[in-house]
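Inspection log for the structure reproduced underneath, given as structure tokens.
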Amino acid sequence: MAIRSFFLFILFFSSSLSPVFSLYEDQVGLMDWHQQYIGKVKQAVFSSQRAGRKRVVVSTEENVIASLDLRHGEIFWRHLLGADDVIDGIDIGLGKYVITLSSGGSILRSWNLPDGQMVWESSLQGPKHSKSFLLVPTNLKFDKDNVLVVFSNGRLHAISCIDGEVLWKKDFEAESFEVQQVIQPPGSDLIYVVGFAASYQFEMYQINAKNGELLKHESASFSSGFSGEVSLVSTETVVALDSTGSILLTISFQDGKISSQQTPISNLVEESLGPAVIIPSSVSGIFAIKTDAVTVFIRVIGEGKLEVVEKTTHEIAVSDALSISEDQEAFALIQHASSEIHLTVKLAHDWDGNLLKESVKMDRQRGLVHKVFINNYIRTDRSYGFRVLIVMEDHSLLLLQQGEIVWSREDGLASIIDVTTSELPVERNGVSVAKVEHNLFEWLKGHMLKLKGTLMLASPEDMAAIQSMRLKSSEKSKMTRDHNGFRKLLIVLTRAGKLFALHTGDGRIVWSHLLRSLHKSEACQSPIGLNLYQWQVPHHHAMDENPSVLVVSRCGPSSDAPGVLSFVDTYTGKELSSLSLDHAVVQVIPLPYTDSTEQRLHLLINADKHAHLYPKTSEALSIFKREFLNIYWYSVEDQNGIIKGHALKCKCTGEVADEFCFDTRDLWSVVFPSESEKIVATVTRKLNEVVHTQAKVVADQDVMYKYISRNLLFVATVAPKGSGEIGSVTPEESWLVAYLIDTVTGRILHRVTHHGLQGPVHAVFSENWVVYHYFNLRAHRYEMSVIEIYDQSRADNKDVWKLVLGKHNLTSPISLFSRPEVITKSQSYFFTHSLKAIAVTSTAKGITSKQLLLGTIGDQVLALDKRFLDPRRTVNPTQAEKEEGIIPLTDSLPIIPQSYVTHALRVEGLRGIITVPAKLESTTLVFAHGVDLFFTQLAPSRTYDSLTEDFSYALLLITIVALVAAIFVTWRLSERKELQEKWR
């Protein structure tokens with residue numbers, strides 16, 4: 001009986017210690033984090049509701065409409081529109097609807113202000129493409145229905161605010177007419193549409209707002225022409241620049257009659273240099289122009305006469321006018337001064353008086369102020385108070401009130417263009433006794449709480465404390481390396497030219513730096529960030545050096561614009577140095593060589609096909625010369641349908657002569673016929689991917705050898721007609737061709753044609769296999785195909801005794817110039833989802849099985865076991881194949897709900913998935929980015945080499961003590977029984 005009880009005891013505790021692979025609610029946030037952003041704000045409208053939560057509605061460059069809490073900056077609700085559904089305008093109607101105009105003025109929507117639910121949607125068509133304008137008049141009604149005024153696609157519309165019905169419309173079909181402003185004077189039933197025709201004629205249309213009838217049409221010619229935007233200074237006056245940018249044209253159309261006044265800018269600004277531009281604003285009676293030297297504020301007085309009210313050489317931003325009473329308008333000015341910004345709020349008719357003047361300390365890493373939005377409120381003393389929403393150069397959003405920054409949002413992280421990682425520093429300093437005692441106390445307290453939770457004795461307060469301790473684990477967010485390699489820095493480059501370092505433990509920003517090299521200057525008018533590369537990764541003999549990254553950018557959108565290199569310390573965010581190059585950067589090739597300081601060698605290819613070596617040191621040059629003949633690369637010309645292979649030739653000659661500059665030569669080229677094939681996707685293996693073994697043992701104890709080459713390129717081409725939208729061609733007109741090309745020799749190792757298929761194509765290459773995703777026009781479904789390539793030249797090494805005795809050819813040298821003996825295996829499967837991105841897990845030693853990470857159209861990340869894409873799957877696998885793990889063949893790939901890496905979360909606007917190996921072989925780190933960010937740890941084969949973080953050591957200790965006690969009790973009982981038997 002005692003022995004039976006002992007085994008039941010062991011069984012109970014063994015079941016308690018069995019691993020659980022599901023994710024429970026209290027585990028969310030332990031190994032993952034999710035951050036929501038909206039992007040750089042373009043327009044903002046403050047809600048004027050007196051009751052309820054104070055909010056501001058914004059539209060952004062990422063096509064997001066969002067409602068933000070004015071108290072904390074948190075998101076109440078948001079909607080991400082499609083990439084082609086660009087937001088043209090937003091406003092608030094009737095105090096409870098958010099009105100948005102998008103898709104070039106083709107779609108008008110109404111959203112419920114409190115919860116963001118769509119109320120209605122209207123499609124607006126017109127005779128031609130044009131600028132779009134959205135007006136929400138407060139006093140314009142049509143049969144007791146508030147009216148929206150929209151100009152889009154060459155047509156003026158009046159639309160019901162209640163249900164989106166088009167009440168009337170008026171066409172402006174003149175092809176040369178370009179609308180510049182749509183004006184609805186308050187308290188009037190008239191609408192003015194003004195613009196330019198043939199670039200030298202000013203046109204004015206007067207429309208009846210009740211029925212759309214044309215009341216008057218006037219025009220006036222200006223021989224000097226027009227340029228740029230126009231500024232509306234009153235309901236019947238606009239200001240424009242002539243085509244040279246040196247003369248201001250004040251045009252009035254009072255009572256439907258056009259009159260004008262011309263004023264040379266040199267009469268107003270003596271120190272003006274170069275052409276001027278008008279700063280967009282809508283302040284009554286005042287406008288601003290900017291020249292190379294100065295920003296000038298000008299008041300319109302009398303009959304088109306101009307008067308300068310202020311000049312400044314500081315960078316300045318101006319808000320639109322804000323009506324604070326029936327006859328008063330206020331606006332905000334922000335000027336930069338060193339580490340501060342000066343905020344001034346003025347009345348439109350009283351420039352010399354200030355309603356508010358404050359100075360706010362501002363982090364220089366945020367750059368300049370790009371946009372300003374102003375809102376007012378009533379203080380307790382019945383005076384006016386103001387809050388100002390500002391958009392910075394780094395795309396961050398801040399709310400200023402009473403001289404302080406109330407809150408800020410780092411919305412630049414919504415536009416990440418490249419990602420790399422950096423290790424954290426090694427922990428070297430000793431730990432104090434007090435800290436050890438504190439950590440020991442917290443450890444004991446935590447495990448006692450976990451034990452109470454396991455035994456279901458914990459109160460709700462205890463459960464909350466357990467979750468809090470998990471989320472606030474000091475080990476998770478320490479700024480030093482951990483032995484499992486989970487703690488790292490994610491170094492991300494944003495479209496604004498700002499670098500961020502994010503801690504993988506909790507996603508917090510460790511540092512951020514707005515690169516000087518990506519700041520607009522006289523030498524570089526339009527800098528563009530391109531890519532991030534690991535420049536210095538210290539280990540072994542260079543541990544005293546901090547790691548650094550290389551940021552590659554260029555001064556302009558064209559590929560032949562001069563390049564700029566920046567070197568940034570990943571521990572501190574300090575920009576170590578920057579180089580303005582005298583050549584373009586078309587391609588960057590990280591070489592697998594480092595110097596004595598662990599700086600990686602990079603080869604930069606310019607537009608003239610010259611190769612430049614960096615770093616420019618004698619040591620790097622000597623290393624490079626030793627490997628001169630072993631360096632090959634390729635280039636892809638998508639538009640021309642050409643792939644070329646290149647090698648180094650000799651040192652540069654001529655004007656670009658430099659000991660670090662080398663001429664190149666073309667080795668081979670693959671030209672795809674333009675009438676039948678267009679390149680839509682190219683992908684190759686990761687440079688740092690680790691392959692554990694080349695051999696693959698199959699079911700019949702046979703051995704297949706993977707064809708492992710870093711020089712293998714996958715290319716997908718489609719028929720030119722099939723490169724458009726899905727369904728735009730018939731199955732007979734479209735096909736997809738997949739190639740595997742050796743980039744050293746240009747040899748095509750494999751080619752397969754899929755008929756009746758169409759892009760877009762998403763592909764990922766790992767080890768010896770490639771998986772690609774496309775659309776099947778015949779089946780009207782998405783598909784995924786897999787190609788595996790094997791090396792037949794090692795087919796003789798199947799005998800185990802040859803491997804044991806060393807009589808094999810595995811160590812024989814391989815040359816890519818000798819024709820390889822390869823075979824391929826492939827298979828295709830239906831797949832439910834359209835994809836935005838695709839990646840594959842990577843681990844430290846390459847032992848753990850692979851999983852595909854699929855970024856679905858629903859902005860989630862799905863993990864799919866590579867075994868489902870095994871080309872050797874059959875309908876009825878043999879017993880040996882089942883033991884190997886071959887899954888029976890089905891025509892579709894399964895979607896397992898528990899396999900969503902993002903759980904119930906969405907990474908809005910998903911653009912990329914990055915995988916990074918941890919030191920723990922079972923685990924890979926996954927980072928997904930779009931408008932949102934998501935990070936998690938993933939174990940494709942489960943955590944076979946470690947215990948989970950929430951493993952109950954206290955319960956294990958109790959189990960061991962109980963087992964020892966049970967052994968002692970049974971031993972005593974056995975001794976007593978044996979003694980009794982001896983006395984018989």
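Here the structure is a predicted model, which means the values were calculated and not measured. Excluded from the calculations below are hydrogen atoms, water molecules and symmetry mates; all remaining heavy atoms, backbone and side chain alike, are included.
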Test side-chain hydrogen bond (donor to acceptor under 3.5 Å, both in side chains) on H513 and Q365 and set out the steps. CA-CA 6 Å; H513 182 77; Q365 297 304 324; 3.3 Å; yes
Please name the pair of heavy atoms, one in [X] and one in [Y], separated by the smallest distance, quoted to 0.1 Å.
X	Y	result
E423	Y571	O-CE2, 3.0 Å
V492	L413	CG2-CD2, 3.8 Å
A928	V861	CB-CG2, 4.1 Å
V119	N112	CG2-N, 3.7 Å
K919	A844	O-CB, 4.1 Å
S103	D88	N-OD2, 3.7 Å

Mind checking the [atom1]-[atom2] spacing from [X] to [Y]? Nearest 0.5 Å is all I need.
X	Y	atom1	atom2	value
D418	L532	CG	CG	5.0 Å
Y900	T856	OH	OG1	5.5 Å
L502	W33	CG	CH2	5.0 Å
K54	L70	NZ	CG	8.5 Å

For the pair H773 and F831, name the ring-plane relationship: parallel under 30°, tilted 30 to 60°, perpendicular over 60°.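 If you compare the ring of H773 with that of F831, the planes turn out perpendicular.
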Aromatic ring pairing H79/W111, orientation class (parallel under 30°, perpendicular over 60°, tilted between):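 The rings of H79 and W111 lie parallel, inter-plane angle below 30°.
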I'd like to know if the side chain of [X] reaches the main chain of [Y], judged simply by a donor and an acceptor atom lying under 3.5 Å from each other, with no hydrogens or angles considered.
X	Y	value
H762	L835	yes
T915	V840	yes
D411	Y37	no

Presence of salt bridge, R366 and E393, under 4.0 angstrom: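 The answer is no: the pair does not qualify as a salt bridge.
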Note: K866-E767 ion pair, threshold 4.0 Å (strictly below):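 So K866 does not pair with E767 through a salt bridge.
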Knowing that exactly one of L108, V57, V45, I90 qualifies, which makes a side chain to side chain contact (heavy atoms under 4.5 Å, CB included) with I99?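 Single side chain to side chain contact (heavy atoms under 4.5 Å, CB included) partner of I99 among L108, V57, V45, I90: L108.
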Test side chain to side chain contact (heavy atoms under 4.5 Å, CB included) on N375 and V56; report intermediate values, then the result. CA-CA 10 Å; N375 178 239; V56 58; over 6 Å; no
Decide yes or no on side chain to side chain contact (heavy atoms under 4.5 Å, CB included) for Y533 and T420, but give the supporting numbers first. CA-CA 7 Å; Y533 300 92; T420 189; over 6 Å; no
Side-chain heavy atoms of F373 within contact of V391, under 4.5 Å: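 Touching, per the 4.5 Å side-chain cut-off.
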Evaluation steps, side chain to side chain contact (heavy atoms under 4.5 Å, CB included), between I417 and T494: CA-CA 5 Å; I417 58 177; T494 67; over 6 Å; no
Among K42, K40, R911, the one residue meeting salt bridge (Lys or Arg N to Asp or Glu O under 4.0 Å) with E62: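 With E62 as partner, K42, K40, R911 yield a single salt bridge (Lys or Arg N to Asp or Glu O under 4.0 Å), made by R911.
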Would Q937 and N484 count as a side chain to side chain contact (heavy atoms under 4.5 Å, CB included) if you check the C-alpha gap in whole Å, the side-chain angles of each, and the deciding distance to 0.1 Å? CA-CA 12 Å; Q937 299 171 16; N484 288 329; over 6 Å; no
May I ask you to check whether T924 and T841 show a side-chain donor-acceptor distance below 3.5 Å?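 T924 vs T841: no donor-acceptor pair found between side chains.
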Going through the checks in order, is the side-chain hydrogen bond (donor to acceptor under 3.5 Å, both in side chains) test met by S67 and R55? CA-CA 6 Å; S67 174; R55 64 182 73 207; 3.1 Å; yes
